[in-house]
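Quick note: residue numbers are just sequence positions, from 1. Values below: every heavy atom of this structure, side chains too, minus hydrogens, waters and symmetry copies.
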Amino acid sequence: MLPTLAEVLRLPALRRARPRVVVGAELLDDVAVRWVHIAEVTDLAHLLRGGELVLSTGIALPDDPEALRRYIDDLAAVGVSGIAVELGRKYHAELPPAFLDAARDAGVPVVLLDREARFVEITEAVHIRVVNEQLEELRESEKLHSVFTQLSVEGADAGRILHEVAQLSGCPVVLENLTHQVLACDLNGEDPGTLLTSWESRSRAVRSGSRTVHVPATGWLVTTVGARGQDWGRLILVAGAGPTPRQSMLIERAATTLALGRLLERQEESLERQTHRTIIAGIIDRAYSDPEEALVRARAVGVPLNGRELVGVVLRLRESGTGLAAQARLSDTAEGAARACRELRLPALVGSLDDLRVGILLALPGRQRLDPTLYMLSERVRGAIGDAAVLAVGSSVDGIREVRRSFLEARQVGDVAVRQSDDRPFYRLPDLHLRGLLHLFRDDERLQTYVERELGPLLDHDARHGSDLTDMLRHYLGAGRNKALAANRAHLSRPAFYDRLRRVSHVLEANLDSVETCVSLHVALLSLDSVRDER
């Protein structure tokens, strides 16, 4: 953040002295000025630390050309920013050729001050500028410290951290893993088709030998992300030519926050799962204004969707819940499904859809048959998570616009299949028969009216008296009207179960020996299950 020599020469205190650059004009924008030193002696190099602009009237400079060259070489050796000489005391129009030649050879800019200068005004002006720059740098550092400390305390996810980086820098930012696949990004309004296309190959071409490096050829500012000696990714700010120190500070603070979050992240989804979840949600919710954006983002994480048979698959958990245990169960299910897909080399996006469901978007090449793939996937998933979830499959589609329909179908199938007593490897809509049909119509007011008409009195009776007559009816119909089998399933003696059935018949005013009546009541019970399904 130090001012350059060009900026210093534009300060009013110096402009009043009419500065004229006679050596090193091409270096002015590259040389930073850390301080100003007034010196009228020749042996001052040992007093300097580098980065100083030396002011002199030249009155004490030697006449001997070799002594002048030693003077310049000594100053160059300590790294001065430049030498400004006021004309009028010793030199009236020009400096000696030996002085200029030595400065040119050493790469030290030389400025002539054609008018008498107040050196104290120059030093004050430059020092105020330097101090202000340093104070501004401290303010920026404090601001970044405050922002990222707050993000760490709140346990912000990678998406939010990257959003802050993009807002603070005004540049796109990408987080990738060690295999150069995009884990998260905030493009800050940039076209994803331009920025993310062929990301892996472009990223592999960028080598970063040090922790943070700027690559002029791409304009990328790259820093490594990791902690405790275990690096797991890179954070890339597309900063363009010549990133500022503030941008370097910003990306390093962000990388530290991401690394800290990874250390604290134990029961949450991995970054890969979060990224996959975001893409799947964007497809289902139609959040992308252009479907091509979803294709680009998916390819950037290593899952090509173009020209593939796309199938929405839902893993529906059998048990619902809240809190850390439920979150851990959902996370384990998603990671198990992702591991199964990797082991089978199935291109797939895998991420949670909500608190009960994990979505899998399979992207199968045309030559790969779906059913054998589903059987293998089911076997691997069960090996990873046991019977904690049922595997529901939507219809195959051949375009990204139709994926939403496939997922909605798989979701409906999963909600019904979780109540099935058979043990299929996976379920499709035709496998669900009457339950599937009723589930599709569960939001229809006519179906809900039918349930109330058939079962309303019994449900009201159970609610008022705390009884279980509805469950007794369910056992009876589920056993095919076999009273002995139903009593056994209800864990009741036969006389006790028969008495419950008589009470059911009385409340409903229905003949439970009538096949037609029982069919109607059974359909109503199945409809009730569909209506009560958790969304």
Side-chain angles (χ1 to χ4, degrees), residues 316-321 356 378 382 386-392 412-535:
R316 173 43 158 95
L317 295 181
R318 295 184 183 275
E319 297 181 12
S320 60
L356 283 173
S378 172
R382 287 199 176 193
D387 61 351
V390 296
L391 190 70
Q412 293 170 346
V413 171
D415 288 347
V416 178
V418 77
R419 298 180 179 276
Q420 295 288 91
S421 57
D422 57 344
D423 191 26
R424 293 174 178 267
F426 56 88
Y427 293 84
R428 290 191 176 99
L429 194 57
D431 300 327
L432 303 178
H433 306 297
L434 180 59
R435 284 185 184 271
L437 176 65
L438 295 175
H439 186 78
L440 292 177
F441 289 101
R442 70 189 184 279
D443 293 324
D444 194 302
E445 295 176 357
R446 292 169 294 182
L447 184 66
Q448 297 168 12
T449 300
Y450 173 75
V451 170
E452 284 301 311
R453 185 175 65 246
E454 293 290 311
L455 298 174
L458 193 62
L459 296 171
D460 291 343
H461 183 276
D462 281 348
R464 285 196 309 271
H465 301 284
S467 56
D468 58 356
L469 297 185
T470 304
D471 289 339
M472 296 304 105
L473 178 61
R474 190 186 301 279
H475 284 303
Y476 175 61
L477 298 177
R481 298 170 58 235
N482 184 324
K483 295 180 181 179
L485 177 59
N488 183 56
R489 290 179 177 177
H491 306 291
L492 293 174
S493 66
R494 292 186 185 182
F497 185 76
Y498 296 164
D499 180 64
R500 303 282 179 88
L501 283 186
R502 282 193 293 271
R503 290 162 61 187
V504 170
S505 178
H506 174 73
V507 171
L508 292 176
E509 298 180 357
N511 179 10
L512 297 185
D513 291 328
S514 167
V515 174
E516 183 176 347
T517 298
C518 288
V519 169
S520 182
L521 290 172
H522 199 185
V523 171
L525 281 172
L526 296 178
S527 301
L528 177 64
D529 292 341
S530 295
V531 171
R532 285 178 170 176
D533 273 346
E534 295 185 60
R535 299 298 198 266

Side chain to side chain contact (heavy atoms under 4.5 Å, CB included) assessment of D423 paired with D387: CA-CA 10 Å; D423 191 26; D387 61 351; over 6 Å; no
To check you understand the geometry: which heavy-atom pair defines the closest contact between [X] and [Y], and what is its length?
{"X": "T517", "Y": "A510", "result": "CG2-CB, 3.9 Å"}
{"X": "A392", "Y": "V413", "result": "CB-CG1, 3.7 Å"}
{"X": "E454", "Y": "S520", "result": "OE1-OG, 3.0 Å"}
{"X": "L391", "Y": "P425", "result": "CB-O, 3.8 Å"}
{"X": "H475", "Y": "A490", "result": "CD2-CB, 3.7 Å"}
{"X": "L501", "Y": "L512", "result": "O-CD1, 3.7 Å"}

Reference residue R474; test side chain to side chain contact (heavy atoms under 4.5 Å, CB included); the match among L525, L526, L469: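 Exactly one candidate clears the test, L525.
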H522 vs C518 side-chain heavy atoms within contact, under 4.5 Å: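 No - every pair of side-chain heavy atoms lies 4.5 Å or more apart.
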Test item: L458 and L521 side chains (from C-beta on) under 4.5 Å apart, heavy atoms: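 Result no, sub-4.5 Å side-chain heavy-atom pair not found.
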Qualifying residues under side-chain contact (heavy atoms from CB on, under 4.5 Å), relative to D468, sequence neighbours excluded: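 Testing D468 for side-chain contact (heavy atoms from CB on, under 4.5 Å), a comparison that skips the adjacent residues, returns D471, M472, R500.
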Exam field: side chain S527 to backbone V523, donor-acceptor pair closer than 3.5 Å: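 Yes, the answer is positive, given that a donor and an acceptor are paired below the 3.5 Å cut-off.
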R316 side, atom CZ; L356 side, atom CG - distance, nearest 0.5 Å: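 Reported to 0.5 Å precision, the distance equals 4.5 Å.
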Distance (rounded to the nearest 0.5 Å) between Y450 OH and L455 CG: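 Those atoms lie 8.0 Å apart.
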Cation-pi geometry met for K483 and F497 (6.0 Å, 45°):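 Output no; distance or angle outside limits.
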Greater than 12 external heavy atoms within 6.0 Å of R318's CZ: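 Yes.
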By salt bridge (Lys or Arg N to Asp or Glu O under 4.0 Å) - contacts of R453 (at least two apart):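 Testing R453 for salt bridge (Lys or Arg N to Asp or Glu O under 4.0 Å), a comparison that skips the adjacent residues, returns none.
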